[in-house]
Amino acid sequence: MALDPYKKLFRLPGVRTLLLVGLIARIPTTATGMALTLHVVNGMELGFGRAGLVTMASTVGMAVGSPLTGRFVDKHGLRPVLIITTCAQAAFWASAWALPYVALVVAAVVAGLLALPVFSVIRQCLAAMVPVEHRRAGFSLDSMLVELSYMVGPALAVAGMTTLGSGPTLAIIAAGLTGSGVALVVLNPPTRSAEELRAPAARVPRRRWLTPAFVALLGTVASATFVLTATELALVGTMEHTGQTAWIGVAVGIWCVYSLVGGFVYGGLSRGVSPLALIAGMGLLTTLASLAGGDWRWLMLALLPAGVLCAPSLSSTVDTVSRWVPAGARGEAMGFHGTALLVGGAISAPIAGAIIDAHGPAWAFVVAGLAGVAMVLVALPFWRRRPQPADEAPVAPTETVVATS
């Protein structure tokens, strides 16, 4: 591993600013799910069942809206989309505390459809600002910053809801999302590189990039978040069953550190690894956690090999999307990538929960890991017919393309 890829990355104009704004902008976004849940449970006193329905409504809206938003960015530019979604988020979160339950569910769907596209926009802009040979380092660093935002955002939401209550906390989230949107509007990072802008403008038909291979890629993305969500639930379930709940926060934090270390190392490698190999490896290694005993420290040791593959697995899929899809459709493609991330986590939670309740958390590790491997095996025949790198983007040296795609 070398630091040179990161040094070269930070020398590129605007990259440091984009990554910093992306980190800060994602914190209020990652706080929304926890804040909405606690508002329904504690503020409205309606229980976790109805809270789950609200968060599901929001997730469905985001899953549908993410590729639509990306398509609008491709057709009309970044600023109009950011202005509309920022206003929508400000209106929803500033008023959510006062809405009755049914209205809250409906509004959550609309807010999800018009979610501020921070995650996909940062990745789309990174692909435009960073040459192909430096994208692995860029997307690895971005995945590490996403990890940090998820460590901070939900924790701040819990602290706010328990100390300030629903009204002030949701108002703070509204202010945070508004500030994030305004910052991105002012920054207005490019969604296409200078070379891509100089190329003749042409409509990019979906059939050119929305191929069986791309759908298979989305399936592996979903399987990765399936494994990660189930692992988190199984980790919490194991510690609850053994009476070690006081250490849950520490254990989850250690698991996140594993991912950060793995992402840092992967971004500094001279050659990349196929997403299929990374996700299959993460799945197989996750099953090892089922062999750990009741002590949470042994469990964390068992999760180390799979943990270091978390960030590399996700960043490699983003890198692959940036290589396969023409610049004119990159926003929509990144939106589909975001949808796949949401779908994988949404499917995983009830399945893992049912397995934990019926058979214990050890089996949740096994099922999650094998599900990831199974999806990779399904994707493999389609992967072999993957498209050539997008011709609107600069093409990397042959050995780099082969190694990372």
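Treat the numbers as computed from the prediction; the structure is a model and nothing was measured. Below, each value reflects all heavy atoms present in this structure, side chains not excepted, and no hydrogens, waters or symmetry copies.
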Nearest atoms (heavy-atom pairs only) where [X] meets [Y]:
{"X": "A340", "Y": "V221", "result": "CB-CG1, 3.8 Å"}
{"X": "G181", "Y": "T86", "result": "CA-OG1, 3.2 Å"}
{"X": "G272", "Y": "Y266", "result": "CA-OH, 3.7 Å"}

d(R50 CZ, T55 OG1) to nearest 0.5 Å is 14.0 Å
Under the salt bridge (Lys or Arg N to Asp or Glu O under 4.0 Å) rule, what do R135 and D142 come out as? Steps first, then yes or no, please. CA-CA 10 Å; R135 284 182 190 167; D142 180 65; over 6 Å; no
Pairing residues for Y258 by the ring pair (Phe, Tyr, Trp, His ring centres under 6.0 Å) criterion, not counting sequence neighbours: none
Sole candidate of I248, V250, L235 that passes side chain to side chain contact (heavy atoms under 4.5 Å, CB included) when paired with W296: V250
Determine, using ring centers only, whether F214 and W324 are less than 6.0 Å apart. no
Centroid separation under 6.0 Å, is that true for the rings of Y6 and F264? yes
Partners meeting salt bridge (Lys or Arg N to Asp or Glu O under 4.0 Å) with R79 (sequence neighbours left out): none
Side-chain donor/acceptor of S348 to backbone N/O of G345, under 3.5 Å: no
Quick one: which residue pairs count as a salt bridge (Lys or Arg N to Asp or Glu O under 4.0 Å) with a foot in residues 235-258, not counting sequence neighbours? none
Determine, stepwise, if the pair E133 / K8 fulfils salt bridge (Lys or Arg N to Asp or Glu O under 4.0 Å). CA-CA 10 Å; E133 62 270 21; K8 291 179 179 178; over 6 Å; no
Report the C-alpha distance between T317 and H337 in whole Å, list the side-chain angles of each, state the deciding distance to 0.1 Å, and finish with yes or no for side chain to side chain donor-acceptor pair (under 3.5 Å). CA-CA 8 Å; T317 62; H337 183 276; 2.9 Å; yes
